[in-house]
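Each remark here refers to the structure printed beneath this line.
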Amino acid sequence: MDSKNIFKYRLIANFDWIIFWLTIGVSVVGVVALYSSGWGVNHESNYIYIKQIYWIFYGLAGMMLILYVDYHSLERFAYIFYIAIIVTLVAVTLYGKAVSGARRWFSFALFTFQPSEIAKIIIIITLARYFDDKKIKGPYRIRDLIPPAVIVLIPAILIAKQPDLGTAAILFFIFLSMSFFIGINARSLFILIILSLVSLPIFWHFMKDYQRNRILTLLNPHIDPLGSGYHTIQSEIAIGSGGYIGKGLMSGTQNQLNFLPEKHTDFIFSVFAEEMGFIGALFLIILYIIIIVKGIDVIHCARNRSGSLIAAGAVSMLTFHIIFNIGMTIGLFPIVGIPLPFMSYGGSSLVTNFMVIGLLLNIKMRRFKDMG
Amino acid sequence: MAKGDFQVKITGQERNFSEAIKGRILVFTIFVIISFSILILRLWYLQVVRSDELRSMAENNRMRVLPLKAYRGKIFDRNENEIINSRPSFNLSLTPEDVKDMDRVLSVISSKIEIDREKIKREIKERSAQFQPITLKRDIHWDEVAFVEEHIIDLPGVFLDIEPIRNYLYGETASHIFGYLGEITKIQLDGLKNSEYRLGDFIGQYGIEKRYESILKGKRGSKYVEVDATGRELNVLKRIEPDFGFNLYLTIDVELQKEAEGLFQGKNGALVAIDPRNGNILAMVSKPSFDPNLFAGGISKIYWSNLVSDVYKPLHNRAIQGQYPPGSVFKIVTAAAGLEEDVITPSAIIDCPGYFKLGKKNYRCWKKGGHGRMDLRNALIQSCDVFFYTVGFRLGIDRLSRYAFGFGLGNTTDIDMEGEKSGLIPTSEWKERMRGEPWIPGETISASIGQGFDLVTPIQLANMIAAIGNGGTILKPRVVSKIETTEGNLVREMKPDVQRKLAVRQENLDIIKEALHGVVHDLRGTGRASHIPNIEVAGKTGTAQVIKMKEMEDRRDEDIPFEFRDHAWFVAFAPFENPIIAVSVLVEHGGHGGTAAAPIAGKLMKSYMERSKGKTS
């Protein structure tokens with residue numbers, strides 16, 4: 001065996017099959033839920049699950065692509081990716097396809113592409129690159145965090161204007177989480193929290209009416225049961241009526257009677273929980289928890305600081321997505337369009353999540369010093 | 001040394017970092033544990049603690065989400081006259097789930113309103129979702145509306161719903177261009193995976209309505225309603241208004257179109273008028289036609305079967321789908337090929353004794369006794385067959401056909417309409433391939449005057465004559481010039497689309513143009529009937545043989561049975577210098593082009609000239 005083959009062999013030997021198969025497992029559960037959500041009445045969405053299967057394969061291809069390249073190389077080109085995504089985000093606000101009032105998509109002949117999804121990965125890598133370039137002794141202070149905050153703020157504002165508040169919020173949380181992992185002193189953390197609280201009224205000021213309504217109805221959905229509260233109430237009815245063991249696949253009345261809004265994207269969890277019950281929902285959540293725990297392990301065992309940071313960003317992104325999405329369907333968070341990783345229908349989001357898993361596997365595979 | 005320092009520092013920092021991060025990982029892990037515990041607790045609360053309460057809420061969910069039909073875009077002509085819009089109509093609908101005694105309800109309805117009870121019952125049985133309303137009859141009459149409202153107590157589950165219906169303001173005018181809507185078929189629905197369409201939706205099935213379906217259709221809205229135990233709407237809780245489709249502006253002049261169709265009174269055939277400067281279709285006629293309004297509320301079986309079984313095929317758009325032999329119009333191609341390939345010169349004389357002898361066979365000229373000595377110009381003006389037999393024979397089929405293809409024959413023009421046919425221009429290779437037989441020289445003789453295998457569509461000939469008129473540019477013809485939103489914002493504007501330049505030298509093109517001018521203006525010209533006072537016109541007649549029958553040849557047109565009479569062609573452009581209109585006219589079984597088709601073209605061009613003069617001055 002020559003050295004190159006040894007290298008390859010060792011990379012494959014360090015491949016984390018558990019993360020890989022869990023991801024596939026959740027995706028398969030997602031396809032089943034999508035199949036059920038399109039069953040019966042809604043003839044036209046019956047094909048969605050087939051499209052999702054295609055997207056899973058594209059996602060796997062995206063994952064392979066990320067695996068193939070050493071994450072250090074990704075970091076090297078981070079700023080170029082960053083500029084490219086900013087340009088794309090500007091372009092999508094100018095020329096993108098509008099779907100129900102939001103300009104988030106680029107429409108190609110065969111599919112639509114949502115650049116804000118891929119932006120998340122690029123932000124993670126760019127932040128890692130920035131912190132790698134600007135190493136300082138001791139914990140970071142607030143003023144050290146201003147430049148990386150700007151790095152996140154530019155795309156976040158562009159995305160918030162689409163308007164896609166959910167994704168913008170995710171970017172903010174990724175930033176917060178990565179800053180936490182890089183190490184900020186207790187005082188700065190305190191100030192950061194105070195600042196966020198103070199900025200809430202400012203955010204409130206810039207929000208659109210419907211966005212404010214969603215937050216108000218979160219506090220009490222029965223203020224406006226058919227307006228902003230409608231989705232929350234119907235989703236809670238769906239999930240709750242599922243009981244312990246659920247109503248069975250294709251038998252959820254809330255799902256089949258179309259009471260559930262956006263049931264194949266943001267509310268796929270409600271479909272699943274209605275039909276598979278508490279047992280099914282718990283099983284799904286446990287799958288997610290194992291993925292996250294395996295991800296946290298990657299932060300720990302990464303070869304160096306930048307590996308840990310990227311892994312931290314990736315894990316946080318998945319974690320926040322899961323918590324926000326499920327939290328939204330059970331009435332804990334306002335309804336902002338955040339998809340559930342590997343479950344929600346949508347190509348851009350699925351491919352991005354597979355790439356994020358690819359990043360984690362990449363870092364884990366290359367955790368030993370003598371490899372590349 | 002400095003470099004070494006640096007490395008030491010980094011590894012030192014890395015070590016510190018990997019120590020420090022352990023604590024942070026712990027904090028993050030605790031965060032994850034707490035968050036997921038909250039999620040699971042909340043799920044427990046909903047699915048276990050409140051399960052019974054929420055289950056009964058699900059069962060009593062008496063909210064319905066009903067679709068609101070989108071408003072289809074309007075269609076305007078080139079002068080911004082509204083030609084197609086939508087009007088409100090009443091549909092009689094029923095929610096099967098809410099009907100206890102279906103037979104009774106249906107019999108009450110059918111005491112006043114004609115419905116197909118068996119079909120409706122069958123449809124209800126096939127439905128998987130009984131709570132989804134089914135449409136019993138579309139666009140019911142106002143006294144039927146009154147009847148339903150009077151008897152609403154006896155009709156549980158029955159309701160009236162208002163939806164926009166397509167309204168063709170000009171009736172049969174331009175029906176082939178506009179097309180019609182029809183209920184989406186099961187096959188179409190299966191083909192349109194993951195689309196917004198549902199069973200019962202209307203979709204463009206023909207013409208512009210089909211071609212521009214995605215632009216015209218708009219987006220459906222929805223209505224959240226609360227219903228009582230019998231399914232009656234108690235109140236509307238919320239409405240999401242549907243979106244308007246985009247408006248289309250056509251290149252057609254609807255007044256000219258009406259006039260053109262009037263000129264076909266009692267005749268079948270087609271007409272295409274095109275602006276040679278940009279490829280805009282000004283009018284497009286295909287007769288007989290149909291009334292698209294009859295499709296708007298779902299076409300009745302009887303009318304549909306009448307349309308389909310009609311021997312004159314009214315649904316067939318002859319302008320782009322009718323394939324006919326070009327007859328003598330094709331002599332333009334033969335002339336151009338002859339000049340370009342130098343098998344004749346402009347002044348070369350060929351003697352026409354009334355027949356052309358090839359081997360043992362005589363090919364006759366249409367003029368008994370012959371035309372005598374002919375040059376190219378006179379041969380075109382008087383449409384001498386023998387002259388062009390000779391030229392075609394010298395060229396051979398493959399050289400001749402190459403020029404025919406160059407003029408756009410034998411291929412679709414790619415106009416923005418559905419179902420265009422390509423016609424047929426034969427080559428020796430084609431015959432070998434299709435029939436497995438070699439090309440016979442005698443077939444070249446027929447082909448050189450546009451008979452034999454040759455087939456063209458009226459749009460191809462219009463586009464060809466337009467290219468001759470504009471100095472040799474083949475444009476892509478089009479019927480839609482721009483797309484706008486309902487608010488009048490431009491979505492897209494279609495620019496003239498140049499396909500190619502003719503491979504004919506300018507001087508040769510000028511010779512042909514001049515001869516075509518003679519066809520209309522010379523005393524012996526065959527197209528004199530298209531003459532317009534004070535305007536210079538150029539054109540060419542054609543007579544396409546339908547069937548060769550020896551016994552018919554000597555009879556007068558009136559004495560030949562209608563279906564055996566020749567098709568009459570005329571193509572023309574005007575004014576001679578810088579033409580603004582080019583037309584092709586085909587009158588099926590009209591006899592001679594000069595007598596049947598040329599006057600129609602003349603009248604139409606005259607009317608268009610007057611109209612456009614009126615507008616500029």
Side-chain angles (χ1 to χ4, degrees), chain A residues 40-48 50-51 100 135 137 139 177 180-183 225-227 230 233-234 236-244 246 253-254 256-259 273-274 277-278 281-282 285 288-289 292-293 296 299-300 304-305 308 312 315-316 319 322-323 326-327 330-332, chain B residues 9-11 13-14 16-18 20-25 27-29 31-33 35-36 38-40 42-59 61 63-65 128-129 131-132 186 189-190 192-199 219 222 224 226 237-238 240 243:
Chain A
V41 189
N42 249 23
H43 183 95
E44 61 263 35
S45 43
N46 234 339
Y47 298 97
I48 274 180
I50 293 177
K51 278 196 174 177
S100 37
K135 291 197 177 87
K137 260 191 183 154
S177 177
F180 168 73
F181 274 103
I182 194 74
L226 291 154
Y230 178 80
I233 292 173
Q234 294 300 342
E236 283 188 32
I237 293 177
I239 294 170
S241 63
Y244 258 121
T253 53
Q254 289 289 104
Q256 303 298 341
L257 300 188
N258 276 325
F259 286 119
E274 180 185 16
F278 181 67
L282 193 63
I285 289 178
Y288 278 128
I289 292 175
I292 292 169
V293 168
I296 291 174
I299 308 178
H300 179 67
N304 52 23
R305 200 170 90 135
S308 287
V315 174
S316 320
T319 309
I322 296 162
I323 293 174
I326 297 181
I330 56 182
L332 292 177
Chain B
K9 211 166 83 189
I10 285 186
T11 43
Q13 211 180 24
E14 292 279 351
N16 289 340
F17 181 76
S18 72
I21 204 159
K22 279 183 187 155
R24 294 171 201 148
I25 286 174
V27 174
F28 185 78
T29 310
F31 164 76
V32 169
I33 291 169
S35 310
F36 277 91
I38 295 173
L39 293 185
I40 293 169
R42 174 79 181 174
L43 270 174
W44 172 268
Y45 172 69
L46 288 176
Q47 297 196 285
V48 178
V49 179
R50 286 184 62 198
S51 164
D52 290 337
E53 174 202 348
L54 290 169
R55 186 169 300 144
S56 79
M57 278 174 83
E59 276 155 14
N61 221 331
M63 222 143 26
R64 300 258 197 275
V65 185
S128 59
F131 55 87
Q132 289 245 320
K186 195 104 180 123
L189 204 54
D190 289 342
L192 290 165
K193 292 179 182 179
N194 183 27
S195 71
E196 294 160 21
Y197 295 101
R198 297 179 186 189
L199 268 182
K219 190 166 183 257
S222 44
Y224 295 70
E226 196 181 341
L237 302 165
K238 184 184 170 189
I240 297 169
D243 283 348

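Residue numbers start from 1 in every chain, and the chains themselves are labelled A, B, ... in the order their sequence lines are given, proteins ahead of strands. Atom set for the values below is all heavy atoms of this structure, side chains included, hydrogens, waters and symmetry mates excluded.
With rounding to the nearest 0.5 angstrom, the CZ atom of Arg24(B) is 14.0 Å from the NE2 atom of His300(A). To the nearest 0.5 Å, atoms CG (Leu332(A)) and OG (Ser35(B)) are separated by 10.5 Å. Atoms CD1 and CD1, from Ile182(A) and Ile21(B) in turn, are 7.5 Å apart once rounded to the nearest 0.5 Å. Taken to the nearest 0.5 Å, the CD1 atom of Ile40(B) stands 4.5 Å off from the CD1 atom of Ile289(A).
The parts of Ile299(A) that come within reach of chain B are both its backbone and its side chain, each placing non-hydrogen atoms under 4.5 angstrom from that chain. In this structure, no portion of Tyr45(B) lies under 4.5 Å from any heavy atom of chain A. Residue Ala273(A) touches chain B through both its backbone and its side chain, counting heavy-atom pairs closer than 4.5 Å.
Contact count versus chain A (heavy atoms, under 4.5 Å) is highest, among Asp243(B), Val27(B), Ile240(B), for Val27(B).
Remark: Phe180(A) pairs with no residue by the ring-ring contact (aromatic ring centres under 6.0 Å, His included) rule, at least two apart or across chains. Ile292(A) is linked by a side chain to side chain contact (heavy atoms under 4.5 Å, CB included) to Ile296(A), Val315(A), Thr319(A), Ile322(A), Val32(B), Phe36(B), counting only residues two or more places apart in sequence or in another chain.
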Margin query: Checking Phe28(B) against Ser177(A) for the side chain to side chain contact (heavy atoms under 4.5 Å, CB included) test, could you report, in this order, the C-alpha distance in whole Å, the side-chain angles of both residues, the deciding distance, and whether it holds?
Written below: CA-CA 9 Å; Phe28(B) 185 78; Ser177(A) 177; 4.1 Å; yes

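Across every non-hydrogen atom of Gln47(B) and Ile239(A), the tightest pair is NE2-O, 2.9 Å. Residues Gly243(A) and Ser51(B) approach most closely at CA-OG, 3.6 Å, considering heavy atoms.
At distances below 3.5 Å, at least one donor-acceptor pair connects side-chain atoms of Arg42(B) with backbone N or O atoms of Ile330(A).
Within the 4.5 Å cutoff, no side-chain heavy atoms of Leu43(B) are placed close to those of Leu282(A).
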